[in-house]
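This report concerns only the one structure given below.
All values derive from a computational prediction rather than experimental measurement. Start at 1 and go down the list; that is how both ligands and their atoms are numbered.
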Amino acid sequence: MGSPLCVSIFLVLSIFIQSSVHGQSLRLEPFGSSQAVETKKTFQDTKTRFLLFEGENDQGCQIRLHHPDTLQQCGFNSSLPLVMIIHGWSVDGLLENWIWQMVAALKSQLAQPVNVGLANWITLAQNHYTVAVRNTRLVGQEVAALLRWLEESVPFSRSNVHLIGYSLGAHVSGFAGSYIGGKHKIGRITGLDAAGPLFEGSPPSDRLSPDDANFVDAIHTFTRGHMGLSVGIKEPIAHYDFYPNGGSFQPGCHFLELYRHITKHGLNAITQTIKCSHERSVHLFIDSLLHTSMQSTAYLCSDMNSFSQGLCLSCKKGHCNTLGYHIRQEWHSKKSRRLFLVTRAQSPFRVYHYQFKMQFFNQIEKPVETTFTMSLLGTKEEMQKIPITLSEGIISNKTYSFLITLDMDIGELVMITLKQENSAVWTNVWNTVQTIIPWGREPLNSGLVLKNIRVKAGEIQQRITFCSENMDDPQLHPTQEKIFVRCDRNSKKLKQKTE
Ligand SMILES: *[C@@H]1O[C@H](CO)[C@@H](O)[C@H](O)[C@H]1NC(C)=O
Ligand SMILES: *[C@@H]1O[C@H](CO)[C@@H](O)[C@H](O)[C@H]1NC(C)=O
């Protein structure tokens, strides 16, 4: 499983590294005084083609610096915000399909209409990676020049601008934000899996960073690396940095799925598969536009390991936020917040996150290794047989916490059914025990007692404790279903009676 994936990552990284070797220097030139002079440079024309889209399926209309007539021709409405898409590095010199999907989504899905633009820098992007990296500064300057010119030409403010940059385009956005100068900043920048090589570890002025706009958000989807290099940047670069599924690799992007893709799409599938995790950032963002009622929530956490234990489902004090276009644009400190979430492998990506906490009492001396299946009954839906393996073995009095994600909204959780599956280890223990003490007809005894299950539902921020329905027999019996119901049910009823 792991090795074909490594091959695909290695391929991508080789392309990056190879092109780096062709370039002269690996490091980016820091901001010098010459750069600062260039900031003030007024462009007569730009190498970047700025396109504006009037309709959903429009091919774009070019607006040109110092040609105010092009603004009218292209239908620029200065009283509306401007959302500008900025693409990344290009191998084939073609604009990628996601651009048209994003344009269509922005044009058709927003309650408040916006001007939708594209900074097409494809001729500068189709180069050796290092050259393309150097060009990001020039393109950033050109974007900044365009925005300054817009402010001079029509009643328009940069605070109404939202740059959405993918891969190298994320850093282009950052440079635009720093080159624009003046007292005020660009409104918002979204970095979609901002490029890693030659940017990871560099100072904030040399990459996208929170000070490039009033609000910066970033989605990291392909940070799994090789020898310290990864396609997407790992470090936080925004006010809110989202790490879907940990950020290193995305579900549904596995190399094994390549075979299916090849039969469908031919050899093009290879680049598609390599791009899959990187481009997932884009599709998560588009998904947030397309499914307004299915927004994904992400939660502040130190790392994916803690997140997978369900330890980070809090929303207090801005500890959670919405992934994508509809993010809450508030931030509490200059420090980046790293947010985690699980997603599905395809759109709609949203899942529901639950933390389950169980404390067992183990009447057998040694740790019990076992597998459970858990069924959840909600007010709307039921989820059957979710497998749970506590791999370390169950030790008495230790609380086990884990994350369970559901694809659908089951409503409010009302009942949990837990069933201990037959495990070979346990059967051995049982056989030994049984030869010593014959328990007759009594059901098999696992030696495990579980009195309650504590659940926290991330999306609705609710904590519920479930108690064993049959308190007379708190033992878990292998292969028998044990039912847990809300502990507070009785107390609630009691309160109602006294009213
Ligand atoms: C520009 O947008 C505003 C606000 O939606 C609208 O009222 C106005 O008619 C638009 N102007 C043009 C020329 O479309
Ligand atoms: C488990 O904890 C309870 C109190 O929380 C204690 O009375 C009991 O001795 C503990 N059992 C073991 C096996 O540690």
_Treating N245 as the side-chain partner and G247 as the backbone partner, does any N or O pair qualify as donor plus acceptor under 3.5 Å?_
no
*Are side-chain N/O atoms of S401 and Q355 paired as donor and acceptor at under 3.5 Å?*
yes
*asked:* Could you tell me if T48 and E142 have a donor-acceptor pair between their side chains, going purely by distance under 3.5 Å?
replied: yes
*Do other residues, nucleotides or ligands put more than 12 heavy atoms under 6.0 Å from the CD atom of Q462?*
yes
_Shortest heavy-atom approach to atom 6 (C) of ligand 1 - which of N77, N115, V114, L80_ = N77
*Is atom 9 (O) of ligand 1 close to the protein, meaning a heavy atom under 4.0 Å from it?*
no
_With the threshold set strictly below 4.0 angstrom, can you tell me whether any protein non-hydrogen atom sits that near atom 1 (C) of ligand 1?_
yes
*S79 heavy atoms, cut-off 4.0 Å: which ligand 1 atoms fall inside?*
1 (C), 2 (O), 3 (C)
